[in-house]
Amino acid sequence: MALRDGRIWVATGVTAFRTASASAVAMVCLAAAPAAVATATATTRSSIVTKGEMQVWHPVTLDLLGGPWTSEMAPRNPFMTYRLTTTYTSAGSGRRYVVPCFWAADGDAAHTGASSGSVWRCLFTPDVPGEWHWSVAFKQGPGVAVRTDGSGAPVRPFDGQSGSFVVRPANETEGGEGRDFRHKGRLRPVPGRRYLRTDNGEWFFKHGTDSPENFFGYREFDNTPKGRHLYGPHLQDWRPGDPTWGTNRRGKGIIGAINYLASVGVNSVYAMPLTVGGDAKDTFPWVTEWGVWRYDVSKLAQWGQVMDHMDAQGVALHFILSETENEELFERADRGISGHGFSISRRLYYRELIARFGHHQGIMWNLGEENGWKDGSGRGQYNTDWQRRVFLAHFAALEPYGALLSLHTFPADKARIYTPLLGASSPMTGASLQVAGWPNVHNETLTWVDASWRAGKPWVVSVDEIGGAGALPDAVTPDHHRERRDVLWGALTAGAAGVEWYNQAGDQSMEDFRGHARLWATADRAVRLLRRERVPFWAMDPADWLVQGPNNWALANPDTILVFLRWGGAATVRLAPSTAYSVGWYDPRLGGGATLEGARRLITTTRGVTQLGVAPQDPRRDWALLIRRIPPSPLPTPAPPLPSSASSASSASSASSSCTLLAAPEDGLSASPFEFFVVDPRSGADVAGPLPHTGCSLRRADLPPGFSLRAAPRKGLTLPPPSGDANGVGLGGGVVWVLNGAVVRVERWPPYLIAGDYRSNVFPWRAAPCGGVATIAARWGRGRRVSTIYLTLVC
């Protein structure tokens with residue numbers, strides 16, 4: 001090793017290459033290996049090097065130097081003949097990740113353009129500080145790359161080698177004005193929630209660009225001769241120190257574009273790695289345009305440099321793995337594979353992309369654009385239900401980090417494509433919506449937010465493509481009223497996890513993102529409101545029933561209500577009776593104030609339904625209204641004792657008069673559809689109830705051992721029997737129990753117990769929380785009938 005120009009240079013028997021940092025390199029020298037198999041054995045100077053910032057959430061590179069020398073077009077295809085996998089285990093937490101790895105040519109192919117070499121690479125991002133142990137499994141043999149049974153002959157001396165490294169905690173104050181994913185952690189879905197969150201606990205609302213879809217159709221990438229983009233107007237946005245590649249320092253246009261987008265609040269970019277056969281026909285990861293078996297190492301390394309910069313700038317990559325026109329490209333390329341089967345070349349494609357790019361903190365995977373669309377071309381390019389399930393399951397098993405895994409489909413095909421993928425057993429964690437009619441965004445988003453929730457696994461639902469001409473440039477629609485009113489706020493108040501903007505007219509040729517500057521600013525105003533006012537959108541649910549008027553929407557929890565008046569006018573909102581609130585108006589339009597206007601405090605009457613008047617100005621335009629309880633979730637002190645079974649009815653009645661009912665009076669009901677009771681599992685009898693719905697405490701010492709809860713339809717209400725799905729997921733009826741936002745049980749037949757069965761056997765509720773406010777909801781699977789009880793279980 002030698003230190004030159006502030007960088008470590010590692011000499012091997014094949015080549016020399018630069019590492020990323022002089023402060024974080026470790027080398028393990030290995031013994032020479034016998035030359036038993038041609039082109040498959042390590043050279044006489046083999047070693048394993050780990051390098052990187054050695055900081056949590058930053059990539060750590062593990063390089064096998066002097067491995068099998070090969071080339072992109074070698075007779076023994078290196079992409080199929082070898083399988084390199086590394087297992088990483090945290091000594092402190094026990095977390096374990098099995099990470100697919102890849103052949104990296106000379107180790108510096110982004111700069112050298114190399115198509116041959118003997119460097120094999122593993123990229124990993126540790127998510128906890130401390131010591132991590134690694135172990136290598138390196139196998140060879142025909143087709144071994146896509147086998148999952150661990151078979152193959154060992155590649156000596158690397159197979160079975162192990163070691164360790166130590167990473168320090170993240171420095172959250174560094175870089176990117178707080179945007180840098182490397183100081184926040186991985187962006188991933190949270191079980192039971194509809195939003196993405198980084199590892200440091202920050203919740204993410206997506207505001208992205210969906211155009212150009214061929215973002216990687218960039219002519220300064222290697223082997224991209226048909227690329228439609230140079231992003232020349234963004235050369236001015238490249239900064240000294242930003243990445244480039246090659247001796248002629250290519251890449252400034254696309255890097256500058258990312259800098260500009262990050263600077264105006266755009267936090268995601270939609271991009272396809274594969275557009276051959278599609279609209280642009282300019283992007284592919286292989287050596288040749290249709291050569292699905294041989295990957296272009298230098299081009300993919302340059303893609304990786306762009307993704308590195310996106311992570312540093314806090315811009316997530318929405319990676320769409322196929323265009324609708326090439327859904328069956330891999331199956332058609334494999335001889336002997338049915339067009340509606342699962343080809344070997346597709347398995348290789350998934351593995352190569354995960355191995356090379358899966359370590360990026362901001363990546364969001366999407367298995368296909370307009371998937372399943374039967375366009376009538378007769379080419380049979382559409383995937384089937386079976387293929388979608390198998391592809392998703394295979395990809396999820398291979399992807400080690402639990403990143404978002406979603407699917408996009410044609411506007412009219414959502415029910416056909418998405419419904420079979422609902423449910424807790426589905427590997428799919430997100431739905432990427434295309435909505436043809438902009439005014440339908442709110443209701444279509446509600447449909448899939450609600451359907452996934454009722455099925456037992458809430459999806460991260462985002463609106464990623466709008467119909468018609470899409471979002472036109474500022475020169476055509478300078479105020480973007482419809483985009484703001486129908487799409488942005490329609491999605492936000494329906495519980496969407498974000499939006500991306502599609503411009504059909506200029507999609508393939510879009511070079512200058514400044515043409516939509518006012519659109520980016522409009523969406524950024526909404527995101528800044530959420531951030532500045534600390535609106536807990538991730539813990540809020542669609543609640544249009546709270547605000548009067550068919551054109552008005554709301555997102556709410558017991559403490560916060562975000563109202564949107566689509567056409568302005570007076571706001572009449574259902575609030576808790578006799579409760580103090582703060583109320584402030586927000587102008588969502590460009591030019592409006594940066595803070596809430598007309599802020600005031602009020603105390604509601606005993607009716608609860610409150611008229612809040614009109615906005616401070618322009619009352620016939622769209623406005624947002626932020627309402628907060630003062631103080632949040634008040635709880636009575638001291639907690640009242642649990643009434644005995646003999647006096648439970650009178651005590652509960654008394655308690656109900658002093659506590660506030662906050663349940664949704666939907667479907668024409670004047671009260672909550674459910675009442676809640678405490679059940680003794682020893683006798684199966686109710687020992688308390690009906691319980692008040694909000695602001696009440698129960699002492700565990702007063703409860704029977706291992707108590708359960710029962711939801712009963714309120715007196716006089718008859719709920720229809722469940723129907724539909726025979727698997728019991730409650731799509732057509734039944735009660736879904738939710739604890740603190742996470743589905744914990746689905747009961748299709750009475751008695752509706754949070755712990756028990758339909759034969760009236762009552763079991764102890766062992767998952768009952770202890771301390772703090774527990775939000776417990778019982779929801780009828782048919783329609784939108786819901787009751788929520790807010791309890792503090794005092795230990």
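Source: prediction; values computed, not measured.
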Roughly how far apart are [X] [atom1] and [Y] [atom2], rounded to 0.5 Å?
X: Asp450; Y: Trp459; atom1: CG; atom2: CH2; value: 12.0 Å
X: Lys184; Y: Phe204; atom1: NZ; atom2: CZ; value: 8.0 Å
X: Leu546; Y: Gln548; atom1: CG; atom2: CD; value: 11.0 Å
X: Trp57; Y: Asp180; atom1: CH2; atom2: CG; value: 11.0 Å
X: Met364; Y: Tyr270; atom1: CE; atom2: OH; value: 11.5 Å
X: Arg600; Y: Leu612; atom1: CZ; atom2: CG; value: 5.5 Å

- Query: Take atom CZ in Arg528; do more than 12 heavy atoms of anything else shown fall under 6.0 Å from it?
  - Reply: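 Atom CZ in Arg528 is not packed in, count stays at 12 or less.
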Do [X] and [Y] meet the criterion of a side-chain donor-acceptor pair at a distance under 3.5 Å?
X: Glu500; Y: Ser268; answer: yes
X: Asn366; Y: His318; answer: yes
X: His309; Y: Asn259; answer: yes
X: Gln313; Y: Arg179; answer: yes

Using a 4.5 Å cut-off on heavy atoms from C-beta on, say whether the side chain of [Y] contacts that of [X].
X: Val614; Y: Arg620; value: no
X: Phe564; Y: Val547; value: no
X: Val463; Y: Glu444; value: no
X: Ile258; Y: Phe215; value: yes
X: Asn552; Y: Trp567; value: no
X: Arg454; Y: Leu422; value: no
X: Tyr260; Y: Gln236; value: no
X: Trp585; Y: Pro619; value: no

- Message: Quick one, Ile627 with Val563, criterion side chain to side chain contact (heavy atoms under 4.5 Å, CB included). Give me CA distance, side-chain angles, the key distance, then yes/no.
- Response: CA-CA 8 Å; Ile627 306 167; Val563 171; 4.3 Å; yes
- Using side chain to side chain donor-acceptor pair (under 3.5 Å) as the criterion, list what pairs up with Thr477, not counting sequence neighbours. His480
- Task: Using the side chain to side chain contact (heavy atoms under 4.5 Å, CB included) rule, take Ile466 and Trp501 through it: C-alpha gap first, then chi angles, then the decisive distance, then the call.
- Result: CA-CA 7 Å; Ile466 51 178; Trp501 301 104; 4.1 Å; yes
Whether [X] side chain and [Y] backbone form a donor-acceptor pair below 3.5 Å:
X: Arg194; Y: Met540; value: yes
X: Ser211; Y: Tyr502; value: no
X: Glu511; Y: Tyr231; value: yes
X: Asn551; Y: Arg566; value: no

- Ionic contact status for Arg186 with Asp127, cut-off 4.0 Å: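 The answer is no: the pair does not qualify as a salt bridge.
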- Item | Ion pair Arg188/Asp199, N-O distance below 4.0 Å |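 Counted as a salt bridge, because a side-chain N and a carboxylate O are separated by less than 4.0 Å.
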- Given the side-chain rings of His442 and Trp553, with only the six-membered ring counted for Trp, is the space between their centroids under 6.0 Å?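 Centroid separation for His442 and Trp553: below 6.0 Å.
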- Asp587 and Arg621: CA distance, side-chain angles, deciding distance, salt bridge (charged side-chain N to carboxylate O under 4.0 Å, His left out) verdict: CA-CA 9 Å; Asp587 185 350; Arg621 307 287 295 275; over 6 Å; no
- Derivation of the side chain to side chain contact (heavy atoms under 4.5 Å, CB included) call for Thr125 and Gln361: CA-CA 8 Å; Thr125 43; Gln361 302 285 40; 3.9 Å; yes
- Please list, chain by chain and in numerical order, all residues satisfying salt bridge (Lys or Arg N to Asp or Glu O under 4.0 Å) with Lys457, sequence neighbours excluded. none
